[in-house]
Amino acid sequence: MNGNPIVEGFIEAINLIVTLNPQVVEITIRSLYISLTATFFASLIALPLGALIYFYEFRGKHAVISTLQTLYALPTVIVGLIVFLFLSNIGPLGFLRLLYTPGGMVVAQTILIIPLLMGLTVSALSGIDRDKRYTITALGANRLQTVVTIIAEARFAVMAGVLLGFGRAIAEVGTVMIVGGNIRGATRVLTTAIALNTSMANYSLSIALGIILLGVALGVNIALSLVQRR
Amino acid sequence: MNGNPIVEGFIEAINLIVTLNPQVVEITIRSLYISLTATFFASLIALPLGALIYFYEFRGKHAVISTLQTLYALPTVIVGLIVFLFLSNIGPLGFLRLLYTPGGMVVAQTILIIPLLMGLTVSALSGIDRDKRYTITALGANRLQTVVTIIAEARFAVMAGVLLGFGRAIAEVGTVMIVGGNIRGATRVLTTAIALNTSMANYSLSIALGIILLGVALGVNIALSLVQRR
Amino acid sequence: MTIIEAHNIRKSYGSLEVLHDVDLSVREGEVFALIGPSGSGKSTLLRILDLIEPPSAGELSVFGIATVEDRGRWLDLRRRMGMLFQRPIVFNASVYDNVAMGLRYRSAPGDEIDRKVKGALEAVGLSRYVGSRATDLSGGEQQRVALSRVLVTEPEILFLDEPTANLDPGSTATIEAIVTSLNREAGMTVLISTHDLMQGQRLAHRVGVMIEGTIAQTGPSREIFHEPKDRRIARFVGIQNIIPGRVVSLREGLTVVVEAGGKQILSATPPPGEEVEMVVRGEDISLHRREPGFEEAENLFPATVTAIEPTAPFVNVTVHCGCDLVALVTARRAETLGLHDGMLVWVSLQAKAVHLIPRSGAG
Amino acid sequence: MTIIEAHNIRKSYGSLEVLHDVDLSVREGEVFALIGPSGSGKSTLLRILDLIEPPSAGELSVFGIATVEDRGRWLDLRRRMGMLFQRPIVFNASVYDNVAMGLRYRSAPGDEIDRKVKGALEAVGLSRYVGSRATDLSGGEQQRVALSRVLVTEPEILFLDEPTANLDPGSTATIEAIVTSLNREAGMTVLISTHDLMQGQRLAHRVGVMIEGTIAQTGPSREIFHEPKDRRIARFVGIQNIIPGRVVSLREGLTVVVEAGGKQILSATPPPGEEVEMVVRGEDISLHRREPGFEEAENLFPATVTAIEPTAPFVNVTVHCGCDLVALVTARRAETLGLHDGMLVWVSLQAKAVHLIPRSGAG
Amino acid sequence: AGCTSPAPGGNETPNATAATTAPAGGAIVLRIATTTSLENTGLLAELERVYENETGVDLQFIAQGTGQSIDSARRGDVDMVLVHAPALEQQFIDDGYGINPRCIAYNYFIIVGPASDPAGIANMSPVEAFRTIYAAGTNNTPGVAFVSRGDNSGTHNQEKVLWEEAGYNYTTEILNAGAWYVEAGKGMGDTLILANEKGAYTLSDEGTYLSFADRLNLVPVIAEGTELLNRYSAIAVNPAKYPSVNAEGATDFINWLISDEAKEIIGNFGTEEFGKPLFIPLYAPECTEPPFNCTCAEPVPT
Ligand SMILES: Nc1ncnc2c1ncn2[C@@H]1O[C@H](COP(=O)(O)OP(=O)(O)OP(=O)(O)O)[C@@H](O)[C@H]1O
Ligand SMILES: Nc1ncnc2c1ncn2[C@@H]1O[C@H](COP(=O)(O)OP(=O)(O)OP(=O)(O)O)[C@@H](O)[C@H]1O
Ligand SMILES: [Mg+2]
Ligand SMILES: [Mg+2]
C-alpha cells in the first residue's frame, strides 16, 4: 500500500497543473467546452420557457412545476441511454452521426439540465415581487420584452440556477460516458477520465482530476459573478 | 435488433410494477430508504448551517457561498472515492465496517448533498425579507428560535431545495457504486442496477428502472407538497 | 369626452370577490380620486383600468375602444397610459436605464430617449443621480424615478396608486405639484387612489369612494365630505357626528328632525325618509361663550362641554346638548374661548351643514 | 427616570453613514416622536435602540444598563421591549400563531399564551380571525395582528416605526387610540417614528426632528412647529414663510427686524444674530377686511391678496405687503372674508408668532 | 508503480501523449468497441499509438460493458469489436452482424484470494477449486467468500462455465447460494477491490489483476489450467447490414493486428511494467487447434 491517495491527489493535481500536462489540458478544455456549450443552449431554451411558465396562469401549471421538480431526479444514465438510442446508427436521429462525438455530448447534457434550469428559473422569478411585474406591464412591454426584463431583474437568482446547471453538467458522467464513449483524444472529458482512472485504481490521479474539475468550476463561478456585478 | 427499447422500457416498467417483481421492489425500497435517510441527515446538518451562514455577517461570507456553489460541481465519483478511502479497511474509519453497506451509502450521499442543501438554504432564506428578520429579533427570539422561525417561514423554498437534494441523491450512481459496491441483495439500488443493466445492454430494463425511479421521486415530491400545504 | 367608461366590472381572485358592480366614467382632462379603506379594491380597479389585468366580468372601454372583445389591442392602448405604484418600484439598473425603460419598450430612437430621460430627471430634480444604481436611492428618490419613468412616455391617462403613502411631506408636495401641472398644462387625465383624504380633496375634480369592492359614491369632494350617501361613507370621510333622528315636519323649506333627546334640529336636506341620521362635520359646529346676537345659523342652542381633546392643530370638543356633539375648533379659537370641562357654551350650526341620510340598520 | 440614554451614536452600512452624533434621552412613561424626511435614519435609529442592530460607535444604555460592553444581556433587554414595523409583517401561519410568537420565544406556559393571545385579539377587534391564515388578511388587519403580537409580550418600551403609513384613517385611529391608552394606563414608554407631522403632534409629549442622520432638534411639538432651530427644520415642519431680514433694534423686549422690502416686523425672539430669517406659520397670520380696531397683535399692516389656493379644508392666501406672506385660513373664514385676487386686506401677526433663526448660507 | 505515475500504459500516461493529438480533420476514423478490462490494461493505447503513426487512421476505442460493446456493433455504431467473450461472439457472428473474426492473443484467468487461502484451494485444478469453495461457502466456513462480476461480461461468462463444469446449475444452485456468493455487478477492477475488502476469492483476468496488484492483499491462488484460458478476438461489423460502417478500415486494422509487427508488440506488452508479458499472441497453426479453434493468421480479403 502506498501513501494516502487524497494527499497524493493534491500533489499530483498541482503537478499536472504546473507542468500543463497536454492530455489533461486537452480533456479539461473539452469538458469546459462541452458543458459550457450545453449550459448555454439549455439556458437559451429553459430560461424563456421557465419565464413563460412563471408568467402565464394555465390549468396544470402546478403539475408542470411538480414534473420539472421530479425530473431533477432523472438519472444521468437514463438520459444518456435515451439520447444514445436516438443518436445511434439505427435510431431516428442516427443520420446526424452525432454518437460518440462532442456534439452528441452537448446534446445529451443540454437535455439533461433543461428541466433543472426551467425549474430553477421558475423559482428565481417567483422571487420577483408582483408589483414589479405589474410595473413592467404598465410600462408597455410586450411579451418578449417582459420576459427579458424580468430575467434581467432576477439575474442573480437566475445565474445561481445556471451555475447549478453548469455544475451538474460538468460533474456528471452518465450521459457523456454513454453518448461520448470516453474515446481518448476525441470524447474523453474530466469525469469520464476520473471514472476510468478510478476503475483502474489510479485513485490519486482521479482525485487530481477532481480537483482540477473543481478549479474549473470555481473559475466559471468567479467569472460569472464578475460579469454579473458589472 | 428487437423493438424500440424506450417503448419496451415502458411496457417492462408497467409489467415490473404490476407483478411487483420482488427484486425490483427490494432495490426500490433500498434506494428510497438510503436516499431519504441521507436527505434527512443532510438536511439536519445543512439547514441550520445554511441558516447560520445567511444570518451572520462575517469576513469571507461571500467566499463561503461561492465555495458552496462550486461544490455543486463535485463529481459523485470523487465523493464516492474519498468516502471509500476513508471507510476502506485500511482507511481511518475502516473500523466502522461501513464499506459495502447501506449505512456507508447513506454517509456518502449525505456528504454529497450537504453543499447543495447548504447553498440552496442560503438562497432560500435570502428570499425572506429583511423586515421579517428584524421582526423575529424584535420579538425576542434567541438564535435557535430565530433559525427555526426563519426556516419555517421559508419552508416552500427550503423544501424545494431539499427536494432537489433528494433528487440528486436518488439519481446519482457514482458514490453508491463505489461505496456500496452494487452487491445484489445487499447494496444494489435503482441507479446501480440501471448502470449494470446498461452495461449488459439490457436497455429496456434500464429504462423501466428509470421510470420506476422517477415514479418514486414523483411520489416523494407529492408527499412533501401535501405535508407542506397542511 | 369620456375617456374611460367602465360598467359592471367584477373581479375575483380565486373565490375572493374583490370588485363588484363597479361603474365609472372619467372625462378627458379630469383628475379623479379614488378614496376608500385599505383592502377595498382601489389598486385592483386601477390595474384593471390600466389593462394590466382583465376583469372577471363587465365592460370597459378606454379611449372609446371597447377592450373586452379585443385583447389584441391591449398593448397599444396600454402604451397610451401610465401607472405609478404605491411602493417605489425601481429595477436593479442605473437611474437612466430605469427611466428609459418605457421608451425602449416603444422602440424610441436613442437620441430621443436620451433627451427625454435627461429632461424628466431634471424636472424631478434627480439629474445628478442619472448614473447611480436606482436601488441605492432613498424611498422618496426612488418614487421620483418611478414617476419620471412614467412621464417620459407621455401618457394620455396617468394612474397613480397611492403615490405618496410612504413619502415625507416634502416629497409628497413635489409629486403633487408635478401631477397638478401636468393636468393643467398638458391636459393629462389623472386617476389617483389615496387614503389621504386631504390629498384627494387637494388634487381631484371628482372623488369616488370605494367601499368593500364597489364605488359607493361619486361626486365633487365637497359633496363627498359633507353629504355622504350613507353611514359607511360618512364614517370613512371622518364625520364625527352621526345622530339618529326622526323627521317631524317641514318648515320654510327646511326639514325638522327630532333626535332621541327631543331636541329639534333643522336641516337643509329634503327628508330621505322618516327615520334618518343627521351627519354633521365637527368643523361646521361653532362654539360661542355667550349667545351670539348676530348669528344667522338656523340651529342655536346652549350646551355643556364634556370633553376637550387636543388633536393639534385642532381641538376636539365634545359638548352635551341632549345629544353629544363633537366640534372641531382650532387650537387658537379654543384658547380664545377659554374652553374647559363643564363650561357652558352656545352652539351654532347652519341648517345646510346638517346632512340627512336614511337610517341604516346596523350600527 | 431616564429609560433610554443614547450618546454619540453612529451607524454606517458599508461606506454609507446613516446616523451620526445622535444624542437622545427618553424618560420612562414618555411618548417620544421621531419625525424627519424619508431616508433620514429614523428606522435605523429605532432598530439600534431596540437592540436589533448594534451601532457602529457610541454609547447606549437601556433600562439603565449600558449595552455596548455587554452583548450577552441584549436578548434579556430586548425581551422587555417591543417594536412594530412600518410594513405590516405577518408570518405564513395562523393569526393565533402569529400573535403567540413572542410569548413562545419567552417559553410562556400554554394556558397563559392562550389567554393573552385571545385577549389581545379581542382588543384589536380581530377575534373572529383567530384561526385564519395571517397572510390572507388585508393590510390594516395585518398591522393590527402585528400590534397585538407586540402587545401580548407586555413591553416596557414600545417602538413604533411609522405604524400607520399604509393604513386608512379608520385603522390609523384605532392604532393611535390603543397606543395612547397603553401609555396613559400602563405607563408604557413609547417611541414612534412618523412622517405624519400631525400624528407626531397628536401622540407625543416630545418630538425629535431627524435630519440627514442626526437629531437636529428635540422639544415639545409646539416648540418644534413654531420655533424650529434652523431652516431645514422649518422647511420640514411645513412653515410657509421664511423671510430673510436684519435685526435693527430692540424695542420693549421685542426684536425689530427689517426685511428686504424695508418693512419693520416685531418678534418676541431675542435676536440670534444680526442677519436672521423670520419664520412664520401660515396659520398664525390673521387676515381682516378692514383695519381691526381691537387688535392686540404687535404687527398690523395692510396688504394685497395675490393668490388664493384652496387646500381643503384650508385656503392658502398669499398676500403682498412688501414681502410675500402666505396665510392659512379656514375655508369658512375665507368665505366670510370674501377673499379675491387683488383685494386689500389687513394682516395682523403677533410678535410671538414671529420666530427668528440665524440666516443660513444655502437657500 | 506508485499512484503518482499512472498505471500500465495508463491512458493518461504522459509518454503516450505524443500520438494523442487529435488527427487533423478528415482523418479516417475507425471506431472499435471493446471491453473495459481490455482497455484498462493499456495495450490498446500502445497499439493505437503505433498504428496511428503508421497509417494516420484515427483509432477510437470505446470501452463498454461486454454486452454493451457487442450491442453497439449490432447497431452499427462502431466498425468493429475487440472482445473476449466466445459465446457472445459466436452469437454475434451467427446472427450475421459480425464477419471476419480473428483471434489475436490469449492469456489466463486467475483465481485470486486472500494469502491465507481459507478454503485451502491452492494447487487444485480450477474446477476442483470451485467445488471446494462451494462446499466451504455453503458450510459457512469462516472467511470463505466468492465475489462474482455478476455483469455478464466475458470474465463472468467464464466463471459461469467453470461452475457448470464443476457440476452445478449456475442459476439454481450458485445464484442465491448464500451470503458467501457475492454478486458485485461491476467492472473487474471494482470487483477486485470489493473482493480485497471482503477478503474473498474471485476470478480475474490476469492483466487487470496485475495492474491492481499493488493495492491488493489478494494473491493469485490458481493460475493454471486450460479452463482458465482467455482468448481475445477482433470481429468486423458486417457492411451488408450497415453500409455506413468503415469496413475497409476494419479490414485493414484486423489485418494489421494479425501481422507479425502487431503480434510482437502484443507479446512484449507489460514486460517492462510487470516483468512478464500480459498477453500471448496467437500464431497459426496453434490457434486453429483446441483449445483455441479460431482463425488467427489468414488475412481478411480486402
Ligand atoms: N393578485 C391578488 N391575488 C389575490 N388577492 C388579491 C390580489 N390582489 C389583491 N387582492 C386582494 O384584493 C383585495 C383588494 O386589494 P387592493 O390592493 O385592490 O386594495 P386597496 O384598496 O388598494 O387597499 P390598500 O389601500 O391597502 O392598498 C384585498 O383583500 C387583497 O388581499
Ligand atoms: N441594512 C441596510 N443596508 C444598507 N443601507 C441601509 C440599511 N438600512 C437602511 N439603509 C439606508 O440608510 C438610510 C436611512 O434609512 P432609514 O430606513 O433609517 O430611513 P428612514 O428615516 O426610516 O426613512 P423612511 O421614512 O423612508 O422610512 C437610507 O439611505 C437607507 O437606504
Ligand atoms: Mg392599494
Ligand atoms: Mg423608516
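Chain A is the first sequence line, chain B the second, and so forth, proteins listed ahead of strands; every chain is numbered from 1.
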(request) Taking the side chain as every heavy atom from C-beta outward, state whether Thr70(B) and Leu163(A) have any atom pair closer than 4.5 Å. (result) no
(request) Tell me, yes or no, whether the heavy-atom count around Phe86(B) atom CZ, taken from other residues, nucleotides or ligands under 6.0 Å, exceeds 12. (result) no
Separation between [atom1] of [X] and [atom2] of [Y], rounded to the nearest 0.5 Å:
| X | Y | atom1 | atom2 | answer |
| --- | --- | --- | --- | --- |
| Ile178(B) | Thr198(A) | CD1 | OG1 | 5.0 Å |
| Ile78(B) | Ile207(A) | CD1 | CD1 | 6.0 Å |
| His62(A) | Ser225(B) | NE2 | OG | 5.0 Å |
| Glu172(B) | Glu172(A) | CD | CD | 12.5 Å |

(request) Assess the pair Tyr203(B) and Phe84(A): is the distance between their ring centroids shorter than 6.0 Å? (result) yes
(request) Pull out the residues in residues 213-220 of chain B that come under 4.5 Å of chain A, heavy atom to heavy atom, sorted by number. (result) Leu213(B), Leu214(B), Ala217(B), Leu218(B)
(message) Suppose the criterion is side-chain hydrogen bond (donor to acceptor under 3.5 Å, both in side chains): which pairs have a residue in residues 80-92 of chain B, not counting sequence neighbours?
(response) Ser88(B)-Glu197(E), Asn89(B)-Arg97(B), Asn89(B)-Glu197(E)
(message) Heavy-atom pairs under 4.5 Å with chain B - which of Thr191(A), Leu85(A), Ile222(A) has more of them than the others?
(response) Leu85(A)
(request) Among the options Val173(A), Thr76(A), Leu74(A), pick out the one with the most heavy-atom pairs lying under 4.5 Å from chain B. (result) Leu74(A)
For a quick test of reading the model, state the closest non-hydrogen atom pair linking [X] to [Y] and the distance between them.
| X | Y | result |
| --- | --- | --- |
| Ile170(A) | Ala73(B) | CG2-CB, 4.0 Å |
| Ser66(A) | Asn221(B) | O-ND2, 3.5 Å |
| Ile194(A) | Pro75(B) | CD1-CG, 4.3 Å |

(request) Side chain from CB out, backbone as N, CA, C, O: work out which of these in Leu190(A) comes under 4.5 Å of a heavy atom of chain B, or both, or neither. (result) neither
(request) Could you tell me which portion of Ile211(B) (side chain, backbone, both or neither) has an atom closer than 4.5 angstrom to a non-hydrogen atom of chain A? (result) neither
